[in-house]
Colleague: 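This structure is in structure tokens; I'll ask about it shortly.
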There are 2 protein chains.
Amino acid sequence: MSATEQRSAAPQRSTRQRRALAALLNESDDFHSAQEIHEILRERGEAMGIATVYRTLSSMAEAGDVDVLNHSGEAIYRRCSTEHHHHLVCRQCGRTVEIAGPAVERWTQSVSREHGFTDVSHSLELFGLCPVCQQA
Amino acid sequence: MSATEQRSAAPQRSTRQRRALAALLNESDDFHSAQEIHEILRERGEAMGIATVYRTLSSMAEAGDVDVLNHSGEAIYRRCSTEHHHHLVCRQCGRTVEIAGPAVERWTQSVSREHGFTDVSHSLELFGLCPVCQQA
DNA sequence: CTGGGTGCAAACCCTTTGCAATTCG
DNA sequence: CGAATTGCAAAGGGTTTGCACCCAG
């Protein structure tokens, strides 16, 4: 249930910038920071203001179209697959593997309940060295 | 952790500022940002430069004396219990419950191996509403 | 046409750093 | 006394915002 949501608050006009950004995100499975994305687009001749990159990514994130992670103080984005999941990210090249952790979800639930906490969200991310980067 | 490799470990002179900071951390079980800590100390008449707060917290973290978490772009600190564990943090008042998750550790290991990643670290934090804040 | 979208630059926040003044040991 | 430590303020990243201009619908 993600196709169309006629929200009166977000008209989402189609502009050159948004198309370029969406296209870029669709090409990669990996996480990139707003700054990186801005840079890549510029190199391609699809330059746009950094503010626009941030604004667009934010709205996409809010709309649930991209995943956002917080990696040591900076947000990194990635086109999103709908269900809840976690990531195994290469700390060197950004290569990402999507991971489902039903066991973790259950564990989270029980721990929260056990301590009387409600409305609990969890962030679980793995950062390591992917096979390729291990050789370098 | 023997003295063998204590290269960059600072001499750690005892100053009024460090004593105040350490004392504060010992009073609370919860996470606080450097800014909050700076503020609290100032209100107590134990004012010190924000730079000193950061420098001191950093060195304490490096020495393994405090836990550091990254909560949406800002570092939060807490006096530390030595072993590896996770936290269930109240997103309203900062109240924290320490959690051990052997199951999670094992899961992490196997997933990493499965995808050929090495040197994998994981961050798992739970943010929710504690019993007290639920009533407010 | 008209309001959402964009760019630019200034503003913000958190954190770090250069450097002179201070203080512990 | 001398080195470690502090404070201040400026500098540095990342991200957000005010505002005039622009373009998709």
Colleague: Rounded to whole angstroms, how far apart are CE on B:M48 and P on D:dG7?
Modeller: 6 Å

Colleague: Roughly how many Å is it from OH in B:Y77 to P in C:dC14, rounded to a whole number?
Modeller: 12 Å

Colleague: Can you tell me the distance, in whole Å, between the NE2 atom of A:H71 and the P atom of D:dT15?
Modeller: 13 Å

Colleague: Rounding to an integer number of Å, can you tell me how far A:N70 CG sits from C:dC13 P?
Modeller: 18 Å

Colleague: How many Å lie between NE2 on B:H38 and C1' on C:dC13, as a whole number?
Modeller: 15 Å

Colleague: In whole Å, I'd like the distance from the CD atom of A:Q12 to the P atom of C:dG5.
Modeller: 6 Å

Colleague: When you measure from the side chain of A:E43 to the backbone of A:H38, do you find a donor-acceptor pair of N or O atoms at a distance under 3.5 Å?
Modeller: no

Colleague: Output yes when a side-chain donor or acceptor of B:T108 lies under 3.5 Å from a complementary backbone atom of B:V104, and no otherwise.
Modeller: yes

Colleague: Tell me which residues in residues 50-58 of chain A put a heavy atom below 4.0 Å from DNA chain D, sorted by number, or none.
Modeller: A:A51, A:Y54, A:R55

Colleague: Could you tell me which non-hydrogen atom of A:C130 sits nearest to which non-hydrogen atom of A:R95, and how far apart they are?
Modeller: CB-NH1, 3.6 Å

Colleague: Could you tell me whether the phosphate oxygens of D:dG7, OP1 or OP2, come under 4.0 Å of any side-chain nitrogen or oxygen in B:Q17?
Modeller: yes

Colleague: Of the candidate nucleotides D:dA24, C:dG25, C:dC14, which contains the atom at the shortest distance from the side chain of B:Q35?
Modeller: C:dC14

Colleague: B:E74 side chain: which of C:dG4, D:dT5, C:dT15 is closest?
Modeller: C:dT15

Colleague: Could you tell me whether the side chain of A:S59 and the main chain of A:T56 form a donor-acceptor pair under 3.5 Å?
Modeller: yes

Colleague: Among B:E98, B:E105, B:E125, which one satisfies side-chain hydrogen bond (donor to acceptor under 3.5 Å, both in side chains) with B:H86?
Modeller: B:E105

Colleague: Quick one: A:E62 CD to D:dT16 P, roughly how many Å, whole number?
Modeller: 11 Å

Colleague: Within the pair A:R18 and C:dG5, is there a side-chain N or O less than 4.0 Å away from OP1 or OP2?
Modeller: yes

Colleague: Nearest whole angstrom, please: distance from the C1' of C:dG4 to the CZ of A:R16.
Modeller: 16 Å

Colleague: At under 4.0 Å between heavy atoms, what does A:S14 touch on the DNA or RNA strands: base, sugar-phosphate, or nothing?
Modeller: sugar-phosphate

Colleague: Quick one: which of D:dT15, C:dG5, C:dT23 gets closest to the side chain of A:A34?
Modeller: D:dT15

Colleague: Would you please indicate yes or no on a ring centroid separation below 6.0 angstrom for B:H71 and B:F127?
Modeller: yes

Colleague: Do A:F31 and A:I99 sit in one hydrophobic cluster, given that two such residues count as connected whenever their side-chain heavy atoms are within less than 4.5 Å of each other, even indirectly?
Modeller: no

